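Below is one structure, written out as structure tokens, with a few remarks after it.
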Amino acid sequence: MPLALLALAVGAFGIGTTEFVMMGLLPDVADDLNISIPSAGHLVSAYALGVVIGAPLLAAVTAKMSRRTVLIGLMGLFVVGNALSALAPDNGWLLAARFLSGLPHGAFFGVGAVVATNMVAPERKARSVSLMFLGLTVANVVGVPVATLMGQHLGWRATFLGVSAIGLAAIAALAFLVPQDHQHTTAAGLRGELAALRSLPVWLSLGTTVAGFGALFAAYSYITPMLTDAAGYADASVTLLLALFGVGATAGNLLGGRLADHSLRGTLFGGLTSLVAVLALFPLLMRTELTAAVAVILLGMAAFATGSPLQLMVMEKASSAPSLASSANQAAFNLANAGGAWIGGLALAAGFGVTSPATAGVALAVLGLVVASLAWAVDRRRAPVAGRERIVASHVPQKAEAVHR
């Protein structure tokens, strides 16, 4: 695998750290800015909103630019957003800075996935995407715990300055390791990029992402009360258990990338089916500390095994605008984050028990399987039509040549 994937992974590591570290810093930020915890929670939403808006917008408006230049520019915007977060004088400025930090998130992964797949042989495309996402999953194992400890001991502002430094390191790596010849081949511009999103298979792939990862976040958003109230863990042990989730996510990401190069759709169906099984077993596994730890690892593995297949499938369905479609998939991922947490919260608020968010996740994972099956059926129906079109096209020149003779 080319060294340029390391540069993409460094950028993904910084993005993953700044996305998830805010959850651990909410009490510190709230105390320092004299706001309530729920008000501080809006900082998480502001970042997610930036991702949803920035992912398709920035990918579309940079359609004719060199991908290397785009990646460096996006990481520069990331550095500025995190530096402004560290310097924010009040909650309003911090909300704006977090929104700005989220803008380049989806576009970076979207354009980066296209660059990654263009640098390897066709049979290694999924693995190249999984190696870029490796930075995101490792961030949950190392980046978030370290950044949280830094914020608790040096102040939350030091955390965002540290993340900015990671962004600067990513810019240097991108400048030195990513070849300059990786450019967009389309000349259609914004209109052509948007036209590629009219495809039904693209929207079905995005729908699978929303439902599948919504299932993950329905349970993961409430993993702390499950571990403490159901499994009996002390509050101090939760950080270590969340790192175990990152270990599982890293293993699932790498395994999914390797398997998807052999069977893209088979890996996707296998990952979603595994996610249904793991979430269905959550109420049983959360009865003891040991099985709860196993459940956390399995949840990360099952969910992130579908990451690379979904990213690659969206790119293939929108071959004329892979960067925009790939970025839109990141927006779908963040919609899954917000929607899954909301649905899991509904189950919890309804009084169905502390593990009920996992049961709600089962329903979302099954919905993901239904949407993925529908996408497979649409592809099967379109395949014979495409085959007939190729046959007709191959005979037209021969007939024209005979008439000419």
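It should be emphasised that the depicted structure is a prediction, and the values quoted were computed from it without experimental measurement.
Leu227 has its side chain within reach of Val296: a pair of non-hydrogen atoms, C-beta onward, lies under 4.5 Å apart. You'll find the side chain of Trp156 reaches within 4.5 Å of the side chain of Leu94, heavy atoms only. Put simply, the side chain of Thr137 reaches to within 4.5 Å of the side chain of Phe304, judged on heavy atoms. Contact check for Ser101 versus Glu19: no side-chain heavy atoms found under the 4.5 Å cut-off. A heavy-atom distance below 4.5 Å is not found between the side chains of Leu272 and Val276. Counting heavy atoms from C-beta outward, Leu5 and Leu8 have side chains that approach closer than 4.5 Å. Residues Leu149 and His153 have side chains in contact (heavy-atom distance under 4.5 Å, counting atoms from C-beta outward). Counting only heavy atoms from C-beta outward, the side chains of Ile171 and Phe78 never approach each other to under 4.5 Å.
Note that OG of Ser199 is 8.5 Å distant from CG of Leu204, once rounded to the nearest 0.5 Å. Interatomic distance, OG1 of Thr224 versus CG of Leu242, reported as 5.5 Å (0.5 Å rounding). If you take CG on Asp379 and CE on Met313, they are separated by 7.5 Å, rounding to the nearest 0.5 Å. With rounding to the nearest 0.5 Å, the separation of CZ in Arg258 from CZ in Arg124 is 7.5 Å. Interatomic distance, Asp261 CG to Ser308 OG, rounded to the nearest 0.5 Å: 8.5 Å. One finds the CG atom of Leu3 at 13.5 Å from the CZ atom of Phe176 (value rounded to the nearest 0.5 Å).
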Verdict with reasoning, Val29 to Met22, per side-chain contact (heavy atoms from CB on, under 4.5 Å): CA-CA 9 Å; Val29 173; Met22 182 56 74; 4.3 Å; yes
CA sep, side-chain torsions, deciding dist, call: Phe282, Leu299, side-chain contact (heavy atoms from CB on, under 4.5 Å): CA-CA 9 Å; Phe282 244 61; Leu299 179 63; 4.0 Å; yes
Audit row: Ser130, Asn253, side-chain hydrogen bond (donor to acceptor under 3.5 Å, both in side chains) steps and yes/no: CA-CA 6 Å; Ser130 70; Asn253 173 55; 4.8 Å; no
CA sep, side-chain torsions, deciding dist, call: His42, Leu95, side-chain contact (heavy atoms from CB on, under 4.5 Å): CA-CA 8 Å; His42 294 158; Leu95 279 169; 4.1 Å; yes
Test log, rule side-chain contact (heavy atoms from CB on, under 4.5 Å), inputs Val80 and Leu100: CA-CA 8 Å; Val80 171; Leu100 182 64; 4.2 Å; yes
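Closest approach of Pro357 and Gly353 over heavy atoms only: CD-O, 4.0 Å. Nearest heavy atom pair, residue Met315 against residue Ser326, reads CG-CB, 3.7 Å. Residues Pro201 and Val378 come closest through the heavy atom pair CG-CG1, 4.3 Å. Pairing each heavy atom of Ala332 with each of Leu206, the nearest pair is CB-O, 4.0 Å. Residues Gln311 and Gly110 come closest through the heavy atom pair NE2-CA, 4.3 Å. For the pair Ala175 and Ile72, the tightest heavy-atom approach, listed with the atom from each and the gap, is CA-CD1, 3.9 Å.
Phe245 has its ring centre less than 6.0 Å from the ring centre of Tyr220. Annotation: Phe109 is in aromatic contact with Phe133 [ring centroid separation under 6.0 Å].
Using a distance-only test at 3.5 Å, with no hydrogens or angles considered, a donor-acceptor pair links the side chain of Thr267 to the main chain of Leu259. At least one donor-acceptor pair closer than 3.5 Å links the side chain of Asn334 to the backbone N or O of Gln330. A donor-acceptor pair under 3.5 Å is formed between the side chain of Thr306 and the backbone N or O of Ala303. Panel note: side chain Arg98, backbone Ala46; no donor-acceptor pair is recorded below 3.5 Å. Using modelled atom types, one side-chain atom of Thr159 and one backbone atom of Ala147 make a donor-acceptor pair closer than 3.5 Å. A donor-acceptor pair under 3.5 Å is absent between the side-chain atoms of Ser263 and the main chain of Ala260, judged by distance alone. Side-chain N or O atoms of Ser164 include one that pairs as donor or acceptor with a backbone N or O of Ala83 at under 3.5 Å. Side chain of Ser237 to main chain of Tyr233: no donor-acceptor pair is present (N/O by atom type, distance under 3.5 Å, no hydrogens or angles). When atom types are taken as modelled, the side chain of Tyr222 and the backbone of Leu348 share no donor-acceptor pair closer than 3.5 angstrom.
Exactly one of Thr355, Val354, Leu281 qualifies for a side chain to side chain contact (heavy atoms under 4.5 Å, CB included) with Met286. That residue is Thr355. Screening Phe99, Tyr47, Phe333 against His105 for a ring-ring contact (aromatic ring centres under 6.0 Å, His included) leaves a single residue, Tyr47. Remark: of the listed residues Leu136, Val141, Asn140, Leu255, Val141 is the sole one forming a side chain to side chain contact (heavy atoms under 4.5 Å, CB included) with Thr250. Of the candidates Val314, Asn329, Val371, Val370, Thr208 forms a side chain to side chain contact (heavy atoms under 4.5 Å, CB included) with just one, namely Val371.
Listed by first and then second residue, the side chain to side chain donor-acceptor pair (under 3.5 Å) pairs involving residues 277-291 are Thr288-Thr291 (not counting sequence neighbours). Sorted by first and then second residue, the pairs that involve residues 71-85 and meet side chain to side chain donor-acceptor pair (under 3.5 Å), not counting sequence neighbours, are Thr18-Asn82.
Taking the six-membered ring where the residue is Trp, Phe217 and Phe213 present tilted rings, their angle falling between 30° and 60°.
More than 12 heavy-atom neighbours from other residues, nucleotides or ligands sit within 6.0 angstrom of CZ on Arg157. More than 12 heavy-atom neighbours from other residues, nucleotides or ligands sit within 6.0 angstrom of NE2 on His262.
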